[in-house]
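Okay, so here's the structure we're looking at.
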Protein chains: 2
Amino acid sequence: MDTPRRQDGRQSALAPEYAAQPDHIAPDSRRRRRESHEAVLRATKDLLSEVGYQRLTFEGIARRAGVSKATIYRWWPNKAALVIEALSGEVPLPPIHETGDLEADLRTAVRLTIELVSAMPTCLILPALLADVIEDPTGTGAFAELIEPRRASVVKLLERARLEGRLPPDTDTSLMVDIYSGTVVYLAAVNRIPPGEAVVGQLVSLLLHGHLPVSKGPAPADREESPGA
Amino acid sequence: MDTPRRQDGRQSALAPEYAAQPDHIAPDSRRRRRESHEAVLRATKDLLSEVGYQRLTFEGIARRAGVSKATIYRWWPNKAALVIEALSGEVPLPPIHETGDLEADLRTAVRLTIELVSAMPTCLILPALLADVIEDPTGTGAFAELIEPRRASVVKLLERARLEGRLPPDTDTSLMVDIYSGTVVYLAAVNRIPPGEAVVGQLVSLLLHGHLPVSKGPAPADREESPGA
DNA sequence: CATACAGTACGAAACGCACCGTTTCGCCAA
DNA sequence: TTGGCGAAACGGTGCGTTTCGTACTGTATG
């Protein structure tokens with residue numbers, strides 16, 4: 001507009017970032033896409049925490065980012081894909097570095113899931129996002145790209161434990177992950193607040209020891225009431 | 001329209017139905033609401049299975065039901081409330097009649113949850129519905145009315161078992177319900193198909209015996225692949 | 001080395017369409 | 001008389017697409 005952006009050295013500064021993106025159409029298709037790309041992701045993240053997923057709008061993002069609506073449509077097929085890209089940049093989540101202590105590692109995994117679920121505004125975005133992805137399978141791949149790495153790393157961890165005899169040999173490690181993931185997502189959605197440390201302990205206890213005691217200790221404000229209430 | 005419904009005896013026939021509804025404005029407020037009410041619920045259910053929750057629209061329902069849009073807005077505050085009412089009529093679900101066999105009863109409970117989840121078209125409606133309810137707490141009450149009775153009856157069942165020593169005395173029975181509910185909802189959403197009998201067995205096995213074996217037997221086409229895939 | 005020429009992403013703006021949620025207006029039955 | 005009803009229209013918002021002129025790019029050319 002009034003402050004025309006400089007154009008020297010842009011190319012080299014942005015190149016690596018483009019390479020890290022889940023190419024929607026092409027890695028850095030043809031030419032540059034300059035800072036519009038960042039502005040869109042930035043606006044998406046901001047608006048996501050301001051108005052939530054449902055009220056998030058391409059038009060709103062375009063306005064906020066100071067970008068043409070057409071530009072957004074050019075690079076992202078739909079809202080879900082855009083949000084997933086924004087989210088995956090937001091939650092760095094290195095692969096779990098195992099301590100060898102199965103219980104501690106699993107606890108970490110559960111915490112990471114909780115962190116992912118609560119990464120954004122209220123924890124309500126995941127059901128909405130999930131619903132969108134389900135409806136339009138176009139985004140399924142991107143969604144998988146977001147959760148699958150985490151999933152896989154935990155399954156690997158559990159599989160190793162199983163093969164080493166630290167878990168019963170016939171354990172369904174894959175379902176283990178689904179159980180704590182599903183529970184975490186469900187509790188977060190229904191209680192409108194992600195589960196706390198107590199639930200982490202309870203889930204791990206159930207999965208590893210088959211024991212599901214009520215949360216002992218000071219009860220950190222989670223699970224006071226059940227979903228329906 | 002061309003086949004005007006009879007109206008004799010309607011009042012008495014419908015009265016109990018109204019009483020069972022989560023009065024949005026009033027049970028059978030002031031005057032009658034006649035068959036428009038049924039037509040709307042009918043159209044809602046039909047369209048729900050045809051186009052799913054997201055593409056379900058007040059205008060579409062009005063068209064299909066041969067009813068004025070204003071009439072729908074008069075009686076239901078939003079889409080979620082309407083869908084919840086339509087759903088709760090659809091899944092009769094008597095309270096579980098206990099057999100005394102805890103394992104069998106819990107198995108039944110899990111199956112009922114699966115049935116609820118798959119009651120409608122593809123199993124995708126629950127995340128979308130959940131997201132809507134979360135966003136607009138207006139419908140929270142109605143939603144609770146849909147799931148809470150089931151939840152409560154299972155908790156009661158589990159509590160009885162716990163007090164009778166058939167479960168460890170410190171068991172968190174409430175979380176037990178959340179765990180299988182969450183897992184079922186999550187698997188259904190992510191796999192795009194409700195879990196099958198194998199998962200029922202696995203969940204019950206985990207919750208009651210602390211044992212989570214891979215599904216034995218012919219493996220009825222569920223859980224072949226994991227969510228992310 | 002400088003200049004001209006595609007090629008193409010970009011912003012702005014507008015398009016028709018669908019649905020939103022509300023309001024107005026007769027009509028008709030209680 | 002009252003009030004729910006269907007029909008129809010309201011302004012508003014977002015969709016997804018298209019058109020346009022501009023700005024910048026990499027490459028070809030003098």
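Note on naming: letters A, B, ... go to the chains in the order of the sequence lines (proteins, then strands), and numbering restarts at 1 for each one.
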Separation of atom OH in A/Y53 from atom P in D/dG14, rounded to whole Å: 15 Å

Rounded distance in Å - CD1 (A/I72) to P (D/dT18): 17 Å

Separation of C/dC17 P from A/F58 CZ (nearest whole Å): 22 Å

Whole-Å gap separating P (D/dT18) and CZ (A/R74): 12 Å

Atom-pair distance (OH on A/Y73; C1' on C/dA9), nearest Å: 18 Å

Spacing of A/E59 atom CD relative to C/dG11 atom P, expressed in whole Å: 15 Å

B/S36 vs D/dG6: side-chain N/O to OP1/OP2 distance below 4.0 Å: yes

Side chain A/R150, main chain A/L146, donor-acceptor under 3.5 Å: yes

side-chain N/O A/T71 vs C/dA9 OP1/OP2, d < 4.0 Å: no

N or O in side chain of A/W75 less than 4.0 angstrom from C/dC10 OP1/OP2: yes

Sugar-phosphate, base or nothing in reach of B/R55, heavy atoms under 4.0 Å: nothing

Whole angstrom value for the distance that separates C1' of D/dG4 from CD of B/E35: 12 Å

Donor-acceptor pair under 3.5 Å, A/K69 side chain vs C/dG11 base: no

A/R55/A/E50 salt bridge by N-O under 4.0 Å criterion: no

Face-on cation placement of B/K79 at B/F58 ring, 6.0 Å and 45° thresholds: no

Length of the line joining A/I61:CD1 and D/dT13:C1', which is rounded to integer Å: 15 Å

Sequence-distant partners of B/E159, side chain to side chain donor-acceptor pair (under 3.5 Å), two or more places apart: B/R162, B/T173

Sugar-phosphate only, base, or nothing, as touched by A/A62 at under 4.0 Å among non-hydrogen atoms: nothing

